[in-house]
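Written out below as structure tokens is the structure these notes cover.
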Amino acid sequence: MSLVNSSVEGVLEPILERYLRNPHHLMQILRETQERLGFIPKWAVDYISEALALARTQIQSVIEFYAFFYDSPCGKYRILFSDNVTDRMQGNTALLARMLSRLGLSQGQVSGDGLVSIDTTSCTGMCDQGPALLVNNHAIPRLSSQRVDAICTLIKNQTPLEQWPSAFFSVEDNIRRKDVLLSAELTNGQALQRAIELGPQGMLAEMKTSNFRGRGGAGFTTGVKWEACRNAPGETRYVVCNADEGEPGTFKDRVLLNSYAELLFEGMSIAGFVIGASKGLLYLRAEYRYMLEKLQATLEARRKAQLLGKNILGQKGFDFDIEIHMGAGAYVCGEETALIESLEGKPGRPRIRPPFPATHGYLGQPTVVNNVETLAKATLIAQNGGAWYKGLGTKLSTGTKLLSISGDCDAPGIYEYPFGVRISKILEDCGARNAMAVQVGGAAGTCLARHEFGRKIAFEDVSTSGALMVFGNNRDMFEVARNFTHFFKHESCGFCTPCRVGTTLLCNLLDKIADGKATSYEMNELSRLHQLLKTSSHCGLGQTAWRPVYDTMQKFRPSYDRRLQQKDFEPAFAMDAALAPAREIMERDDADAHLGNEL
């Protein structure tokens with residue numbers, strides 16, 4: 001009891017005080033509690049419940065929803081191998097098995113001495129330098145057998161993380177092609193001063209002139225969204241930056257946050273100036289926890305330079321500041337309403353729309369939600385004008401697009417192109433000489449076959465949030481689709497039945513095909529499921545979970561057909577074998593306790 005009391009006084013109370021005992025900050029309170037204690041014990045949940053006047057079940061539901069919250073000890077060293085399809089292409093499976101063997105563990109198991117646990121997680125944003133893993137929220141890219149062996153030795157010796165070789169934690173930007181954003185050299189505050197000179201309406205006019213569309217994938221016109229928020233009734237407005245890029249194959253935000261954070265924060269401030277907001281919220285995905293201190297330092301420097309806070313740049317009444325809120329491992333929080341739910345300290349389940357965030361967002365108030373690239377480019381428009389930006393790209397897709405390129409190519413990394421660039425040009429630039437397929441837009445995107453490489457990256461042709469994964473001639477596109485469906489099953493929030501059940505059925509059917517137990521019946525079921533998911537799911541996750549299966553069935557059908565080894569329907573599992581535990585419980589193994597062959 002004395003240990004609990006000292007933890008309450010030394011750990012929980014300072015955290016609760018820092019967040020003003022505000023239940024909307026529950027996520028951050030739980031995160032910091034876990035970072036101090038290693039996990040979130042029952043007594044801590046009880047204490048937080050009383051301090052925030054929240055039901056214990058509310059707090060427990062949050063802990064259980066997010067993959068990076070733990071309510072039981074998970075090891076002094078918490079290892080999570082990235083298990084994106086590109087990590088698998090780069091050999092993560094063998095490296096995971098090697099570490100498990102050297103440390104004498106099974107996947108998901110905590111060592112008996114509580115020293116280490118090893119498991120997998122979804123994409124960590126390291127697709128250009130995988131295989132990768134996270135150890136206690138610190139990213140280690142470019143894994144090899146030698147590096148895995150060295151990590152095992154460090155763990156066995158209980159070497160503190162701060163004493164591990166710094167080279168292990170070196171994450172490169174890998175910028176391969178620059179255009180207007182990645183080449184920008186603005187003085188901090190320069191674009192913000194220009195926006196102040198234009199005034200809120202003048203700056204809004206520049207945004208609308210630019211015909212600039214959001215870079216999150218949906219492509220909604222940014223100026224129209226800002227105007228709707230500005231004109232919505234409400235006393236308080238918010239700017240939210242969605243930095244929860246969980247789409248497999250996407251890592252552009254990692255680079256922007258690491259090396260272009262000033263452009264992002266300036267863009268958030270400009271948005272705040274236009275809509276009349278006094279607070280901005282950066283929602284940072286849990287996998288990028290290692291960036292938090294650096295980003296906090298950048299914000300503090302901007303405050304000291306009068307670029308954040310009260311009367312920014314001497315403009316009376318222009319008060320705007322930014323807070324960083326960490327996610328906790330939930331892909332669905334990339335959807336803007338799920339993200340807002342998470343910001344409010346709840347499980348990140350998508351809301352029913354309408355109403356939309358522009359009128360009813362964070363805490364029910366008008367809220368602009370844009371992603372990192374969108375807000376960074378708003379800074380360029382403020383500095384150079386809407387007409388300048390409109391002159392880039394195509395008529396319907398103005399400006400440039402950042403692409404995260406990974407997979408079977410010589411030079412994976414970040415490429416910036418004007419909209420309208422052809423897939424073939426991108427493949428040539430990144431050294432993808434034997435590409436058979438390209439997955440554009442991540443798991444939820446579009447799979448293009450070789451005959452489609454003449455198509456263009458643009459909202460009017462191939463739209464993308466930024467991921468582009470290359471698959472060479474030696475890749476099995478059935479296994480690629482299977483990996484994506486398992487990802488969707490794992491990341492479904494479970495809110496609606498079509499998605500919760502449909503993604504599971506997709507996985508089961510593909511697993512049955514992989515096991516050689518499928519017929520044309522299963523192929524017909526896949527076609528039926530894709531219509532059900534597309535039309536009945538509550539949010540974009542379920543509505544797009546069918547796409548990798550549908551695309552690969554249409555364009556790479558032989559990879560499915562060669563696995564259809566059965567002529568007649570066969571169950572996916574042996575019914576009699578499945579009843580073995582029941583027979584053991586009943587202590588029966590006679591003939592009548594077994595299913596006959598006639599069944």
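In this chain, numbering begins with 1 at the start of the sequence shown.
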Got a list of side-chain donor-acceptor pairs under 3.5 Å for residues 219-227, not counting sequence neighbours?
{"residue": "Thr222", "atom": "OG1", "partner": "Phe212", "partner atom": "O", "Å": "3.4"}
{"residue": "Thr222", "atom": "OG1", "partner": "Gly214", "partner atom": "N", "Å": "3.4"}
{"residue": "Lys225", "atom": "NZ", "partner": "Val369", "partner atom": "O", "Å": "2.9"}
{"residue": "Trp226", "atom": "NE1", "partner": "Asn370", "partner atom": "OD1", "Å": "2.9"}
{"residue": "Glu227", "atom": "OE1", "partner": "Lys208", "partner atom": "NZ", "Å": "2.9"}
{"residue": "Glu227", "atom": "OE2", "partner": "Lys208", "partner atom": "NZ", "Å": "3.2"}

Review point. Got a donor-acceptor contact below 3.5 angstrom from the Thr504 side chain to the Arg500 backbone?
Key: yes
Practice item. Examine the side chains of Arg547 and Thr446 and answer whether a donor and an acceptor come within less than 3.5 Å of each other. Key: yes
Check your understanding: Looking only at atom types and distance, does a side-chain atom of Gln28 sit under 3.5 Å from a main-chain N or O of Met326, one as donor and one as acceptor?
Key -> yes
Point to revise | Polar side chain donor-acceptor pair, Thr337 to Glu335, under 3.5 angstrom | key: yes
Practice item. May I ask you to check whether Thr86 and Asn84 show a side-chain donor-acceptor distance below 3.5 Å? Key: yes
Review point. Who are the ring-ring contact (aromatic ring centres under 6.0 Å, His included) partners of Tyr362, not counting sequence neighbours?
Key: Tyr238
Review point. How about Ile426 and Val438: do any of their side-chain heavy atoms sit closer than 4.5 Å?
Key: no
Review point. Salt bridge or not for Asp461 and Arg455, using N-O below 4.0 Å?
Key: yes
Practice item. Start with the C-alpha distance between Leu343 and His24, add both sets of side-chain angles, then the distance that settles side-chain contact (heavy atoms from CB on, under 4.5 Å), and finish with yes or no. Key: CA-CA 7 Å; Leu343 281 174; His24 295 129; over 6 Å; no
Point to revise | Validation row: Ile405, Pro412 side chains within 4.5 angstrom (heavy atoms) | key: no
Check your understanding: Where does the angle between the aromatic ring planes of Trp546 and Tyr550 fall among parallel (under 30°), tilted (30 to 60°) and perpendicular (over 60°)?
Key -> perpendicular
**Study point:** Ser404: partners by side chain to side chain donor-acceptor pair (under 3.5 Å), with sequence neighbours left out
**Key:** none
Review point. Hey, what do you get for CG (Asn242) to CZ (Arg285), rounding to the nearest 0.5 Å?
Key: 11.0 Å
Exercise for review: Given side chain to side chain donor-acceptor pair (under 3.5 Å), test Lys279 with Thr236 step by step and report yes or no.
Suggested key: CA-CA 9 Å; Lys279 178 177 284 189; Thr236 307; over 6 Å; no
Review point. Hey, is NE2 on His490 packed in by over 12 heavy atoms from elsewhere, all under 6.0 Å?
Key: no
Review point. Heavy-atom distance under 4.5 Å between the side chains of Phe471 and Cys447, does that happen here?
Key: no
Check your understanding: Would you say the side-chain atoms of Glu245 pair up with the backbone N or O of Gly125, donor to acceptor, closer than 3.5 Å?
Key -> no
Review point. Does Lys456 NZ have over 12 foreign heavy atoms under 6.0 Å away?
Key: no
Exercise for review: Evaluate whether atom NE2 of His486 has more than 12 neighbouring non-hydrogen atoms of other residues, nucleotides or ligands under 6.0 angstrom away.
Suggested key: yes
Review point. For Tyr331, what residues pass the ring-ring contact (aromatic ring centres under 6.0 Å, His included) criterion, not counting sequence neighbours?
Key: Phe487
Point to revise | Carboxylate-amine/guanidinium proximity below 4.0 Å for Lys252 and Glu416 | key: no
Exercise for review: Using the test ring-ring contact (aromatic ring centres under 6.0 Å, His included), find all partners of His325 that sit at least two apart in sequence or belong to another chain.
Suggested key: His25
Practice item. Check the pair Arg475 / Val85 against side-chain contact (heavy atoms from CB on, under 4.5 Å), numbers first and verdict last. Key: CA-CA 11 Å; Arg475 300 301 177 185; Val85 65; over 6 Å; no
Check your understanding: Under the 3.5 angstrom rule, does the side chain of Glu373 hit a backbone N or O of Gly216 as a donor-acceptor pair?
Key -> no
Point to revise | Side-chain touch Phe68/Arg31, heavy atoms, less than 4.5 angstrom | key: no
Check your understanding: For Leu510, does its backbone N or O pair with a side-chain atom of Arg563 as donor and acceptor, under 3.5 Å?
Key -> no
Practice item. Please lay out, stage by stage, how Arg254 and Asn174 fare under the test side chain to side chain donor-acceptor pair (under 3.5 Å). Key: CA-CA 11 Å; Arg254 185 200 78 212; Asn174 280 343; over 6 Å; no
Review point. Within the side chain of Glu32, is there an N or O that forms a donor-acceptor pair under 3.5 Å with the backbone of Ile29?
Key: no
Study note, to complete from the structure: To the nearest 0.5 Å, atom NZ of Lys534 lies from atom NE2 of His530 at 5.5 Å
Exercise for review: State the CG-CZ distance between Leu506 and Phe488, to the nearest 0.5 angstrom.
Suggested key: 10.0 Å
Point to revise | Ala449 backbone acceptor or donor facing Glu452 side chain under 3.5 Å | key: yes
Point to revise | Donor-acceptor under 3.5 Å (Thr464 side chain, Gly466 main chain) | key: yes
Review point. Any donor-acceptor pair under 3.5 Å linking the side chain of Arg450 with the backbone of Ala435?
Key: yes
Exercise for review: Check whether any side-chain heavy atom of Ser527 sits under 4.5 Å from a side-chain heavy atom of Met553, and report yes or no.
Suggested key: yes
Point to revise | Test item: Val62 and Ile59 side chains (from C-beta on) under 4.5 Å apart, heavy atoms | key: no
Review point. Taking it one step at a time, do Leu257 and Leu284 satisfy side-chain contact (heavy atoms from CB on, under 4.5 Å)?
Key: CA-CA 10 Å; Leu257 291 164; Leu284 184 65; 3.6 Å; yes
Point to revise | Aromatic Phe356 / basic Arg353 pairing, under 6.0 angstrom, 45° off normal | key: no
Study note, to complete from the structure: Sorted by chain and residue number, the ring-ring contact (aromatic ring centres under 6.0 Å, His included) partners of Phe495 (sequence neighbours excluded) come out as His538
Practice item. Measure across Gly327 and Tyr283 and return the closest heavy-atom pair with its distance rounded to 0.1 Å. Key: CA-OH, 3.4 Å
Review point. Are any side-chain N or O atoms of Arg215 and backbone N or O atoms of Arg213, one a donor and one an acceptor, separated by less than 3.5 Å?
Key: yes
Check your understanding: So which heavy atom on Cys333 is nearest to which on Tyr66, and how close?
Key -> SG-CE2, 4.0 Å
Check your understanding: Can you find a heavy atom in the side chain of Thr503 that is under 4.5 Å from one in the side chain of Thr485?
Key -> no
Point to revise | Nearest atoms (heavy-atom pairs only) where Gly516 meets Gln565 | key: O-CB, 4.0 Å
**Study point:** Glu35 and Arg289 ion-paired at < 4.0 Å
**Key:** yes
**Study point:** Non-hydrogen side-chain atoms of Ser559 and Thr552 separated by less than 4.5 Å
**Key:** no
Practice item. Apply side chain to side chain donor-acceptor pair (under 3.5 Å) to the pair Glu247 and Ser465, showing each step before the final yes or no. Key: CA-CA 9 Å; Glu247 192 67 56; Ser465 60; 5.5 Å; no
Practice item. Start with the C-alpha distance between Phe251 and Cys123, add both sets of side-chain angles, then the distance that settles side-chain contact (heavy atoms from CB on, under 4.5 Å), and finish with yes or no. Key: CA-CA 9 Å; Phe251 47 89; Cys123 183; over 6 Å; no
Check your understanding: How about Gln60 and Asp71: does a side-chain donor come under 3.5 Å of a side-chain acceptor?
Key -> yes
Review point. From Phe69 CZ over to Cys74 SG, what is the distance, rounded to the nearest 0.5 angstrom?
Key: 12.0 Å
Check your understanding: Could you state the interatomic distance from CG (Leu448) to NZ (Lys555), rounded to the nearest 0.5 Å?
Key -> 5.0 Å
Study note, to complete from the structure: Here the gap from Thr398 atom OG1 to Lys377 atom NZ, rounded to the nearest 0.5 Å, amounts to 9.5 Å
